[in-house]
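This structure is a prediction, so every number in the text was calculated from the model and none was measured.
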Amino acid sequence: MGMLGAVIMGGIVVFINKNFGLNLALTAGLKQFIYTFFFGAIITRLCQNLATNGNMLKAVLIPSVITIGCVFIVHNFKGTPLPFESTLPTVLMAPPGFFGIAFRERSRKKQSR
């Protein structure tokens, strides 16, 4: 799942930055791929723990803010021509994605009782 998400998000970022040349577009996409692949699992686990131990709002907001902030910082390093635009897919996809993860985790917890 992490690999699929990393490929999709990296591909979107390459597409967003394609007008700045293949080298810069691939650099931006690679940064997104690496972040999503390596840190996505950690943040997903945080979401699951918050959903199990806390409330749904925290389980969605905290991982979303961390993810969006980190992705924006990564894209502001040298090599991403459009850092805000490259972060926008994360802004749009992270909260609903974390909601789905949190909802599934809460449902599993209720079933195991």
Side-chain angles (χ1 to χ4, degrees):
M1 228 23 198
M3 178 66 80
L4 179 62
V7 168
I8 290 170
M9 292 302 289
I12 291 170
V13 170
V14 168
F15 180 77
I16 289 170
N17 291 282
K18 71 181 179 351
N19 293 334
F20 293 90
L22 185 60
N23 191 30
L24 289 175
L26 288 175
T27 298
L30 183 61
K31 288 194 291 185
Q32 181 70 48
F33 175 89
I34 289 170
Y35 175 83
T36 303
F37 185 74
F38 288 107
F39 295 104
I42 295 167
I43 302 299
T44 297
R45 188 68 183 146
L46 172 65
C47 176
Q48 291 170 328
N49 287 338
L50 290 169
T52 301
N53 301 320
N55 64 35
M56 288 291 284
L57 185 61
K58 286 182 184 178
V60 174
L61 285 181
I62 292 171
S64 293
V65 168
I66 291 170
T67 297
I68 293 165
C70 289
V71 167
F72 187 68
I73 289 168
V74 165
H75 283 303
N76 273 290
F77 290 133
K78 186 178 180 179
T80 300
L82 300 170
F84 175 77
E85 291 84 348
S86 297
T87 306
L88 201 52
T90 302
V91 171
L92 297 173
M93 292 187 216
F98 287 127
F99 177 80
I101 292 166
F103 184 80
R104 185 181 67 212
E105 194 63 30
R106 293 287 291 249
S107 295
R108 285 182 187 169
K109 182 181 177 184
K110 287 180 183 178
Q111 289 176 355
S112 67
R113 288 184 188 176

Given the rule in the side chain to side chain contact (heavy atoms under 4.5 Å, CB included) test, do Leu24 and Asn17 qualify, once you have shown the distances and angles that lead to the verdict? CA-CA 7 Å; Leu24 289 175; Asn17 291 282; 5.9 Å; no
For Ile68, the hydrophobic cluster (side chain heavy atoms closer than 4.5 Å, chained through members) also holds Phe72, Phe84, Leu88, Val91, Leu92
Show, in sequence, the C-alpha distance, side-chain angles and deciding distance for Met56 and Phe98, and conclude whether the side chain to side chain contact (heavy atoms under 4.5 Å, CB included) test is met. CA-CA 10 Å; Met56 288 291 284; Phe98 287 127; over 6 Å; no
Co-membership, hydrophobic cluster, residues [X] and [Y], 4.5 Å side-chain:
X: Val71; Y: Ile101; result: yes
X: Phe15; Y: Ile12; result: no
X: Leu26; Y: Val7; result: no

Rounded to the nearest 0.5 Å, what's the gap from [atom1] on [X] to [atom2] on [Y]? Could you check?
X: Thr44; Y: Asn49; atom1: OG1; atom2: CG; value: 11.0 Å
X: Leu61; Y: Phe99; atom1: CG; atom2: CZ; value: 11.5 Å
X: Cys47; Y: Phe103; atom1: SG; atom2: CZ; value: 13.0 Å
X: Met3; Y: Ile8; atom1: CE; atom2: CD1; value: 12.0 Å
X: Glu105; Y: Asn53; atom1: CD; atom2: CG; value: 9.5 Å
X: Thr36; Y: Leu4; atom1: OG1; atom2: CG; value: 11.0 Å

Is a donor on one side and an acceptor on the other found under 3.5 Å between the side chain of Thr80 and the backbone of Asn76? no
Measure from the side-chain N and O atoms of Lys31 to the backbone N and O of Val74, and report whether any donor-acceptor pair falls under 3.5 Å. yes
Sub-4.5 Å side-chain heavy-atom contact between Ile16 and Pro89: yes
Could you go through Tyr35 and Thr67, starting from their C-alpha distance and side-chain angles, then the distance that decides it, and tell me whether this counts as side chain to side chain contact (heavy atoms under 4.5 Å, CB included)? CA-CA 9 Å; Tyr35 175 83; Thr67 297; 3.9 Å; yes
What closest approach, in Å, do [X] and [Y] show between heavy atoms, and which atom pair accounts for it?
X: Ala25; Y: Val14; answer: O-CG2, 3.4 Å
X: Ala59; Y: Ala51; answer: CB-N, 3.5 Å
X: Gly79; Y: Pro81; answer: O-CD, 3.5 Å
X: Asn55; Y: Arg106; answer: CA-NH1, 3.8 Å

Going by side chain to side chain contact (heavy atoms under 4.5 Å, CB included), Ile62 matches just one of Val65, Ile66, Val60. Which one? Ile66
With Ile42 via side-chain contact (heavy atoms from CB on, under 4.5 Å) - residues at least two apart: Phe39
When you look at His75 and Gln32, which way does the side chain to side chain contact (heavy atoms under 4.5 Å, CB included) test go after all the steps? CA-CA 8 Å; His75 283 303; Gln32 181 70 48; 2.8 Å; yes
In chain order, what residues pass the ring-ring contact (aromatic ring centres under 6.0 Å, His included) check against Phe20, with sequence neighbours excluded? none
